[in-house]
**Q** 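The structure follows.
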Amino acid sequence: MTPSFAERLIAWHASHGRHDLPWQVSDPYRVWLSEIMLQQTQVTTVLSYYARFLERFPDVAALAAAPQDDVLALWSGLGYYSRARNLHAAARMVMERFGGTFPRDPAALAELPGIGRSTAAAVAAFSFAVRTPILDGNVKRVLTRWAGIDGFPGERAVEQRLWRLAAELLPADAAAMPAYTQAQMDLGATVCTPRKPACMACPLADDCAARREGRQHELPTPKPKKTVPERSTVMLLIADDAGRLLLEQRPPTGIWGGLWSLPEVPTTLEAEAAARTRFGLEIDPGAAGAELVHVFTHFRLTITPLPARVSGHAPVLRESAGRWFSRAEALAAGIPTPLRKLLARA
DNA sequence: AAATCGGGGCC
DNA sequence: GGCCCAGATTT
């Protein structure tokens, strides 16, 4: 009798899986934090952020008690800043609704902001050995290949089929859930990789549909692609006599939500008027610096940096709309990556 | 169902 | 330059 899907994965994980990751613990706070950081972010990138974050916020109570700016500052550079805002909000909900103790029910976990079905399942499986399936990018890749499932996994029908299959393949023994869940992630990350999968090292190769049909490189079916729009903006580097820069906090939602960034105008022509109306500052713009291209998933942003010196005050002074940051203060704050690059230039 | 959210690693 | 990554939320 050949071992089951789950049995083979667990046996493979025991000898070939990753066992040294810092979030491989049963503390739901640490598991949750790692899962959020690992959403769309690779393990090697997360490691240093995770250590720094835990040092500053060792438990959910410490995180809940912190100001949002502190949380965003530690998140700066990781991207998808709604993750940080949701993390903070969820910490406060855990304190208020659950007295600081994470629920073990995946459905309850999924009601916390930033925790979807798969992340909730991962937290429950790792922390409490709940018998519930995950379906992240790794698992989607493993399952579409092993079962030979065609169609983009982002489509509802395909995704539903994958969830059903993931549930059917769960190990019988709930105690095996932490190892089984980790095994799926590790197999996807180290063997069943997007390019050049190491099928010779795969415990599922014997009955893998994609391997049998030579379709490893066709599955999962890629997302239909579209052309990305181009956008441009001018970022004002307004400096005072002390050389400090004027930053403003971005709206809580949207791109770089809640982060501190440079004031922006559509074109250099609007710079002086914007400084006057928004901040009550008279400025003397210099020559525009070299353009900086920043690529997002869904558009390309060309940034023109425009340095300017404060030359006086308008009748109505509104510096409260912004805040003066020294270079060191700016680098320590929650700022988007392009600003970090601009600060590194001079 | 599609769009919105970033940034880094990798080929 | 394109694709990928331990996705969730909004529209």
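Each chain gets a letter, A, B and so on, in the order the sequences are listed, and its residues count up from 1. Owing to the predicted nature of the structure, the values given are computational and were not obtained by experimental measurement.
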**Q** Below 3.5 Å is the cut-off: list the nitrogen or oxygen pairs between protein and nucleotides 9-11 of chain C, distance only.
**A**
| residue | atom | partner | partner atom | Å |
| --- | --- | --- | --- | --- |
| dT9(C) | OP1 | Gly114(A) | N | 2.5 |

**Q** Look at all strands and tell whether Tyr80(A) reaches a base, only sugar-phosphate, or nothing, counting heavy atoms closer than 4.0 Å.
**A**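 Base: the residue Tyr80(A), judged by heavy atoms under 4.0 Å, touches a nucleobase.
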
**Q** Reckon Gly188(A) touches a base, only the sugar-phosphate, or nothing at all at heavy-atom distances under 4.0 Å?
**A**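 Result for Gly188(A) = nothing.
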
**Q** Applying salt bridge (charged side-chain N to carboxylate O under 4.0 Å, His left out) to Glu264(A) and Arg250(A), what does each step give before you reach the verdict?
**A** CA-CA 10 Å; Glu264(A) 294 181 31; Arg250(A) 300 183 60 90; 3.0 Å; yes

**Q** Do any N or O atoms of the protein come closer than 3.5 Å to N or O atoms of nucleotides 9-11 of chain B, and which pairs are they?
**A**
| residue | atom | partner | partner atom | Å |
| --- | --- | --- | --- | --- |
| dG9(B) | O4' | Gln42(A) | OE1 | 3.2 |

**Q** Using the side chain to side chain donor-acceptor pair (under 3.5 Å) rule, collect all pairs that involve residues 300-315 of chain A, keeping only residues at least two apart or in two chains.
**A**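 For residues 300-315 of chain A, and leaving out neighbouring residues, the side chain to side chain donor-acceptor pair (under 3.5 Å) pairs sorted by first residue read Glu230(A)-Arg300(A).
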
**Q** So, for Phe5(A) and Trp146(A), is the gap between ring centers shorter than 6.0 Å?
**A**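 Yes - the distance between ring centres of Phe5(A) and Trp146(A) falls below the 6.0 Å cut-off.
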
**Q** Using a distance-only criterion (donor-acceptor N/O pair, under 3.5 Å, no hydrogens), is the base of dA8(C) paired with the side chain of Arg85(A)?
**A**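 Counting by modelled atom types and ignoring angles, no donor-acceptor contact under 3.5 Å is found here.
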
**Q** When we call it a touch if two heavy atoms are under 4.0 Å apart, what does Gln182(A) touch: a base, just sugar-phosphate, or nothing?
**A**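 Since a base atom lies under 4.0 Å of Gln182(A), the category is base.
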
**Q** Is there a side-chain contact between His294(A) and the phosphate of dG6(B), meaning an N or O under 4.0 Å from OP1 or OP2?
**A**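 So the side chain of His294(A) is outside the cut-off, no N or O lying under 4.0 Å from OP1 or OP2 of dG6(B).
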
**Q** Regarding Trp32(A), tell me which of base, sugar-phosphate or nothing describes its non-hydrogen contacts under 4.0 Å with the strands shown.
**A**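 If one applies the 4.0 Å heavy-atom cut-off, Trp32(A) turns out to touch nothing in the nucleic acid.
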
**Q** Identify which nucleotide among dA6(C), dG7(B), dC5(B) has an atom closest to any side-chain atom of Trp256(A), counting heavy atoms from C-beta outward.
**A**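 The nucleotide sitting nearest to the side chain is dG7(B).
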
**Q** Which nucleotide wins on minimum distance to the side chain of Pro338(A), given the candidates dG7(B), dT4(B), dA6(C)?
**A**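 My answer, after comparing the listed nucleotides, is dG7(B).
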
**Q** Scan Ser82(A) against the nucleic acid and name what it touches under 4.0 Å (heavy atoms): base, sugar-phosphate only, or nothing.
**A**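 Answer is nothing: Ser82(A) stays at 4.0 Å or more from every strand.
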
**Q** Where the side chain of Ser118(A) is defined as all heavy atoms beyond and including C-beta, which of dC5(B), dA8(C), dA6(C) is the nearest nucleotide?
**A**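 Nearest listed nucleotide: dA8(C).
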
**Q** Rounding to a whole Å, what distance do you find between Ile36(A):CD1 and dC5(B):P?
**A**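 Checked: the CD1 to P distance equals 19 Å.
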
**Q** Looking at every strand, decide which applies to Leu301(A) at a 4.0 Å heavy-atom threshold: base, sugar-phosphate, or nothing.
**A**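 Answer is nothing: Leu301(A) stays at 4.0 Å or more from every strand.
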
